[in-house]
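Data block below; observations after.
For the single chain, residues carry numbers from 1 onward in sequence order.
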Amino acid sequence: MMNRIQKAAATLRGKGSFFLATHRHPDGDGLGSTLALAQVLIEMGKRVVIHAPEPAPRLYRFLPGIERLDTRGAEGCEVAIVLDCGSLARVGPLAPELAGHPLLINIDHHLTGGGFGHLELVDPASCATGEIVHRLIRALPWPISGSIALNLYVAVASDTGNFANANTNARAFELAAEMVALGVKPIDIARHLFDDYSVSKLRLLGLM
């Protein structure tokens, strides 16, 4: 895995334009890991398209960089990166275009995440795709700014159920501690992710 991460890091350093996408109806890991990596590339001076076929869910609109979501495809981008997708079909209508892209990187932590991409960074032992993105950032190496830290924390906190699910591992706590040291406030993230209910959701809970 480390060799593949080093190859991916070399690609990120050497190429100038990138297309990033996660699965349709994205969760905190999909959006957090995608936005964290996108911010790194932007800080490196790269041209970046962050694809989303639909507006971001209300729950995640506090994430730094969420306003950069775009409906454009990967045309003109040297590298396409798909994050947190157990299969390429989960990207949505752009899947056929991405399948034919000359350089596709697949970053995922699901057991079904392999089988596509010229370079696969797939590790089912990772608690979240955000954990793999963190390892890639360290391999570049690139400093983690406040917005990157917040997105990485959200990726891990979201997929581990605020560090309560069975996939929570020691690396999840290590990553969280590092992001907190960089300024992330866990109480604020917990309120956004787990305590922010829409009126319709409250009504549904009341009916239940």
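- The structure places NZ of K7 at 15.0 Å from CG of L12, a figure rounded to the nearest 0.5 Å.
- Side chains of R171 and L175 form no contact here, defined as non-hydrogen atoms less than 4.5 Å apart.
- No side-chain heavy atom of S17 sits less than 4.5 Å from a side-chain heavy atom of K46.
- Residues V40 and L182 share a hydrophobic cluster, clusters being chains of Ile/Leu/Val/Met/Phe/Trp/Tyr side chains in contact below 4.5 Å.
- For the ring-ring contact (aromatic ring centres under 6.0 Å, His included) condition, the pairs that include at least one residue of residues 139-176, sequence neighbours left out, are Y153-F163, F163-F173.
- The residue from I5, L121, I107 that alone fulfils the side-chain contact (heavy atoms from CB on, under 4.5 Å) condition with R135 is I5.
- Hydrophobic clustering (ILVMFWY, side-chain heavy atoms < 4.5 Å, transitive): L140 and I148 are in one cluster.
- Using modelled atom types, one finds no donor on one side chain facing an acceptor on the other under 3.5 Å when comparing Q39 with S145.
- Looking at V156 and D159, their side chains never come closer than 4.5 Å, going by heavy atoms from C-beta outward.
- V82 and V48 fall into different hydrophobic clusters, where Ile, Leu, Val, Met, Phe, Trp and Tyr residues are linked whenever their side-chain heavy atoms come under 4.5 Å apart, directly or through other members.
- Cluster annotation: M1 is not connected to V122 through the hydrophobic network of ILVMFWY side chains, with a link wherever side-chain heavy atoms come within less than 4.5 Å.
- With a 4.5 Å cut-off on side-chain heavy atoms, L104 and I81 do not count as touching.
- Looking at every heavy atom in both residues, A8 comes nearest to L136 through CB-CD1, 3.8 Å.
- If you take CG on D123 and CG on D108, they are separated by 10.0 Å, rounding to the nearest 0.5 Å.
- Between the side chain of H101 and the backbone N or O of C77 there is at least one donor-acceptor pair closer than 3.5 Å.
- If you take OG on S126 and CD on E131, they are separated by 4.0 Å, rounding to the nearest 0.5 Å.
- Minimum heavy-atom separation, P124 to L111: CB-CD2, 3.6 Å.
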Determine whether V91 and L98 satisfy the following criterion, side chain to side chain contact (heavy atoms under 4.5 Å, CB included), listing intermediate values before the conclusion.
CA-CA 9 Å; V91 175; L98 295 177; 3.8 Å; yes

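- For residues 15-74, the ring-ring contact (aromatic ring centres under 6.0 Å, His included) pairs, not counting sequence neighbours, are F19-H51, F62-H192.
- Residues I189 and L150 form a side-chain contact, since some pair of their non-hydrogen atoms from C-beta on lies under 4.5 Å apart.
- Side-chain contact check for T22 versus S33: every heavy-atom pair is 4.5 Å or farther apart.
- For N167 and H109, the side-chain atoms include no donor-acceptor pair closer than 3.5 Å.
- D27 places no side-chain N or O within donor-acceptor distance of the main-chain N or O of S158, the cut-off being under 3.5 Å.
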Apply side chain to side chain contact (heavy atoms under 4.5 Å, CB included) to L83 and L37, showing your working.
CA-CA 10 Å; L83 299 98; L37 184 56; 4.2 Å; yes

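- Without hydrogens or angle criteria, K15 side chain to A10 main chain gives no donor-acceptor distance under 3.5 Å.
- Between L69 and A56 the shortest heavy-atom distance is CD1-CB, 3.7 Å.
- In terms of heavy atoms, P26 sits closest to E54 at CD-OE2, 4.1 Å.
- The OG1 atom of T129 sits 11.5 Å away from the CG atom of L152 when rounded to the nearest 0.5 Å.
- For CD of E75, the number of neighbouring non-hydrogen atoms (other residues, nucleotides, ligands) closer than 6.0 Å is 12 at most.
- Atom CD of E43 is separated from atom CD1 of I144 by 10.0 Å, given to the nearest 0.5 angstrom.
- Put simply, the side chain of L119 does not reach to within 4.5 Å of the side chain of N106, judged on heavy atoms.
- Contact check for L20 versus V49: no side-chain heavy atoms found under the 4.5 Å cut-off.
- Minimum interatomic distance between L31 and P57 (heavy atoms only, all atoms of both residues): CD1-CD, 4.2 Å.
- Cluster membership for M179 and V133, using ILVMFWY side-chain heavy atoms within less than 4.5 angstrom, is shared.
- Distance alone, capped at 3.5 Å, places no donor-acceptor pair between the R24 side chain and the P53 backbone.
- In this structure, the separation between CG on L35 and CD1 on I50 is 5.5 Å, given to the nearest 0.5 Å.
- In terms of modelled atom types and a separation under 3.5 Å, the side chain of D188 and the main chain of V184 share no donor-acceptor contact.
- Taking every heavy atom of both residues into account, A89 and A95 meet most closely at CA-CB, 4.1 Å.
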